[in-house]
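Written out below as structure tokens is the structure these notes cover.
Order of the sequence lines sets the chain letters (A, B, ...), proteins ahead of strands, with each chain counted from 1. None of these values were measured; they are calculated from a predicted model.
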There are 2 protein chains.
Amino acid sequence: MINKKDVTIYDIASKLNLSSSTVSRALRNSPSISKKTISKIKKTADEMGYRPNTLAASLRGNKSNSIGILVPTVKQPFLSSLISGIEVIAQKAGYNVIIAQSHDSYEDEVALTKALYGSRVSGIICSLAMHTKKTAHFQKFIDKKIPLVFVDRIPKDNIASRVMIDNYAAGRKATMHLISQGCNRIAYLAAGSDYSIFNERKKGYLNALKEANLPIEEDLIVKLDDVTYEDAIKATNKLLDLKNPPDAIFAPADILGVGVIKSAKIRGIKIPEELAIIGFNDDPIASIVDPELSTVYHPSVKMGEISASKILEYLKKPKSEDFMDISLLNTDVIVRASSKRK
Amino acid sequence: MINKKDVTIYDIASKLNLSSSTVSRALRNSPSISKKTISKIKKTADEMGYRPNTLAASLRGNKSNSIGILVPTVKQPFLSSLISGIEVIAQKAGYNVIIAQSHDSYEDEVALTKALYGSRVSGIICSLAMHTKKTAHFQKFIDKKIPLVFVDRIPKDNIASRVMIDNYAAGRKATMHLISQGCNRIAYLAAGSDYSIFNERKKGYLNALKEANLPIEEDLIVKLDDVTYEDAIKATNKLLDLKNPPDAIFAPADILGVGVIKSAKIRGIKIPEELAIIGFNDDPIASIVDPELSTVYHPSVKMGEISASKILEYLKKPKSEDFMDISLLNTDVIVRASSKRK
DNA sequence: TTGTATGCGTTATCAA
DNA sequence: TTGATAACGCATACAA
């Protein structure tokens with residue numbers, strides 16, 4: 001169990017009577033080195049058990065080989081799928097993926113951007129904390145031309161590239177679907193802050209009602225403290241206690257949707273006949289719960305893949321070039337038993 | 001948008017007419033520097049917008065400040081919770097967390113250990129791919145005394161520390177619970193390979209039957225190709241098609257358990273009266289599905305926290321010291337509607 | 001096509 | 001208590 005020192009390019013060089021620079025170039029397939037020398041060097045490197053020191057290379061080049069991911073949590077199905085998509089693409093390109101969780105705290109998010117910045121990530125992919133409004137803490141990445149992509153929970157201001165769905169359109173589609181099923185007292189579970197993507201979904205909901213000439217009733221819009229199963233149950237109970245209860249509920253997250261189902265079932269309310277329900281995300285749970293939950297498809301893995309690809313693409317471009325583009329992904333309603341009345 | 005160069009300890013030093021070593025020491029609160037100098041240096045560092053270059057420090061010290069996590073996937077609830085636990089502890093201690101997914105492929109796992117090894121992780125936490133039998137690819141960490149902790153899906157051979165539950169005992173407890181509810185034809189969904197923790201759960205199941213003097217019927221042990229909802233439904237259909245079907249099913253993962261519920265409900269079989277069901281993990285879904293799924297508690301976040309703490313603890317110890325310890329966590333059956341007959 | 005020399009930013013050793 | 005210097009391993013500008 002001897003703690004052998006690592007083999008370096010110098011060791012390889014001296015063994016072959018070459019210079020370290022030749023070895024360095026050969027190992028990276030530099031065209032200026034003869035094929036013969038390259039293969040000889042590579043063979044020897046293998047034999048000697050050489051492992052490149054990415055740390056030294058990073059220091060030298062002033063860039064690490066890692067992509068930072070800053071998300072509220074890794075525990076939500078949507079986000080873990082997103083991360084999975086990022087990791088697969090990054091891995092293929094030889095990048096590490098560094099995870100950081102803001103736990104939906106603005107302060108943590110600020111601290112973590114600092115940490116990621118300090119560890120010289122090559123790029124950063126971020127989904128904002130629920131209540132983040134300011135984005136000054138990302139300015140350092142932009143100033144340094146470090147590729148930055150916001151995904152899903154994006155900021156208001158247009159400071160960097162983003163990968164997102166059209167939450168407004170999605171909210172509108174979901175509501176229109178409920179209307180098409182004959183519902184006309186459609187409630188909305190108002191989760192998230194006024195600055196979040198949830199608010200966009202709400203706008204879509206409001207507009208769909210307007211387009212259908214349905215009245216907007218404040219009673220049917222229930223504010224949630226948190227995006228949790230329990231809060232959804234509470235909110236639903238409140239709605240169903242109304243003198244004039246809703247005939248449909250739009251829950252802008254599946255975990256809320258299953259809460260609605262739970263509450264309705266406990267009260268013996270028939271789904272979807274008396275209460276139609278639609279969620280959001282198409283989490284695995286949506287097709288497992290009984291009745292199966294209608295939802296809006298949210299392409300998590302794909303959004304991760306696109307985000308990572310964007311970072312890689314930016315890294316290839318000359319530093320001088322500015323980059324900023326927006327991927328707006330399509331989403332569709334997935335109709336299941338919880339809302340199929342016709 | 002000027003690409004300003006980073007401030008280094010030299011810049012701070014020359015501004016204050018000190019040496020770089022003094023600055024370096026001061027920034028790390030070396031006791032050999034006067035309080036006055038320290039505070040002066042720190043203040044100036046702040047003003048100048050200094051950010052320590054962890055890459056350089058890592059190169060110098062031949063160790064990065066990151067912990068590698070190698071798991072089959074981040075998409076399973078158990079694993080994403082585990083990762084969350086690790087990340088929180090690591091973050092607090094100033095470590096980055098690098099994620100790698102083996103996708104349950106032995107070959108990928110081998111390649112990823114190489115990559116993590118190459119990027120000089122300070123420690124590594126691993127949950128093995130489903131079919132990994134050999135562990136030679138971890139030997140390099142052991143040889144180099146790089147802290148290595150296996151968690152949950154651990155290897156057979158006793159090569160490194162591990163954090164795990166007693167899967168045998170858990171399987172036994174789950175089965176005993178079903179027996180206590182009056183079931184005597186208890187089926188088992190045999191997921192995973194013969195080398196996995198699932199096999200331990202199966203042994204617990206078999207032994208519980210034996211202890212209760214119940215016969216072991218091969219027909220009631222159905223082999224699954226994969227740990228998926230769909231495979232569980234298929235397997236359950238097969239079981240319920242038997243001339244003499246089971247009166248209980250032990251599904252060694254909640255995602256399988258909900259598949260069992262689905263299949264039974266479609267066939268109009270009463271749960272738990274005609275078929276009692278227990279899952280494993282206590283994933284969120286277990287308390288959402290209808291009827292709620294009994295399960296075995298699997299302390300995911302805690303296991304992550306313990307794993308990370310172990311790594312940190314090892315990193316404090318002198319390199320010469322060997323370390324190897326086993327955390328065997330307790331698990332209990334959580335009884336819910338899917339198995340409560342009495 | 002290959003070699004020489006230097007620097008990336010930090011920390012540790014030795015000296016003052 | 002502080003300073004000078006070397007070293008970590010690699011990649012590049014410049015020479016040959």
Please round to the nearest 0.5 Å and tell me the distance separating atom CD1 of A:Ile311 and atom CG of A:Leu148.
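Taking CD1 in A:Ile311 and CG in A:Leu148, the distance rounds to 7.0 Å.
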
Can you list the residues that meet the side-chain hydrogen bond (donor to acceptor under 3.5 Å, both in side chains) rule with B:Thr54, with sequence neighbours excluded?
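Listed in chain order: nothing, the list is empty.
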
Can you list everything that forms a side-chain hydrogen bond (donor to acceptor under 3.5 Å, both in side chains) with B:Asn53? Sequence neighbours excluded, please.
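With sequence neighbours excluded, B:Asn53 shows a side-chain hydrogen bond (donor to acceptor under 3.5 Å, both in side chains) to no residue whatsoever.
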
When you match B:Ile38 and B:Arg120 each to their closest nucleotide on DNA chain D, which lands nearer the 5' end?
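On the 5' side of the pair lies B:Ile38.
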
Should A:Arg25 be listed as having a side-chain N or O under 4.0 Å from OP1 or OP2 of C:dT2?
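Checking C:dT2 against A:Arg25, no side-chain N or O comes under 4.0 Å of OP1 or OP2.
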
Report yes if at least one side-chain N or O of B:Thr22 is closer than 4.0 Å to OP1 or OP2 of D:dT2; otherwise report no.
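Indeed not, no polar side-chain atom of B:Thr22 lies that close.
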
For A:Arg51, which residues count as a salt bridge (charged side-chain N to carboxylate O under 4.0 Å, His left out) partner, sequence neighbours excluded?
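For A:Arg51, the residues satisfying salt bridge (charged side-chain N to carboxylate O under 4.0 Å, His left out) (neighbours in sequence not counted) are A:Asp6.
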
Please report, rounded to the nearest Å, how far the [atom2] atom of [N] is from the [atom1] atom of [X].
X	N	atom1	atom2	value
B:Asp6	C:dT10	CG	C1'	13 Å
A:Leu27	C:dT2	CG	P	13 Å
B:Lys35	D:dT2	NZ	P	13 Å
A:Arg28	D:dG9	CZ	P	17 Å
B:Leu55	C:dC8	CG	P	14 Å

Reading DNA chain C from 5' onward, which residue's closest nucleotide shows up sooner: A:Leu18 or B:Ile9?
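Residue closer to the 5' terminus by nearest nucleotide: A:Leu18.
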
A:Ser19 or B:Ala57, whichever maps to the more 5' nucleotide of DNA chain C
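The answer here is A:Ser19.
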
N/O to N/O distances under 3.5 Å, protein versus nucleotides 5-8 of chain D:
residue: D:dC8; atom: O2; partner: B:Arg60; partner atom: N; Å: 3.4

Mind checking if B:Ser24 touches a base, just sugar-phosphate, or nothing, with heavy atoms under 4.0 Å?
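It contacts base atoms.
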
Across the strands shown, which category fits B:Thr37 at heavy-atom distances under 4.0 angstrom: base, sugar-phosphate, nothing?
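The answer is sugar-phosphate, as B:Thr37 gets under 4.0 Å only of primed atoms, P, OP1 or OP2.
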
Let me know which of B:Ile12, B:Ile41, B:Val23, B:Thr44 forms a side-chain contact (heavy atoms from CB on, under 4.5 Å) with B:Tyr50.
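Only one option passes, and that is B:Ile12.
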
Please collect all salt bridge (Lys or Arg N to Asp or Glu O under 4.0 Å) contacts where either partner lies in residues 30-50 of chain A, sequence neighbours excluded, each pair once.
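Checked against salt bridge (Lys or Arg N to Asp or Glu O under 4.0 Å) - neighbours excluded - the pairs reaching residues 30-50 of chain A are A:Lys43-A:Glu47.
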
For A:Tyr10, check ring-ring contact (aromatic ring centres under 6.0 Å, His included) against everything at least two apart and list the hits.
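ring-ring contact (aromatic ring centres under 6.0 Å, His included) list for A:Tyr10, sorted by chain: empty.
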
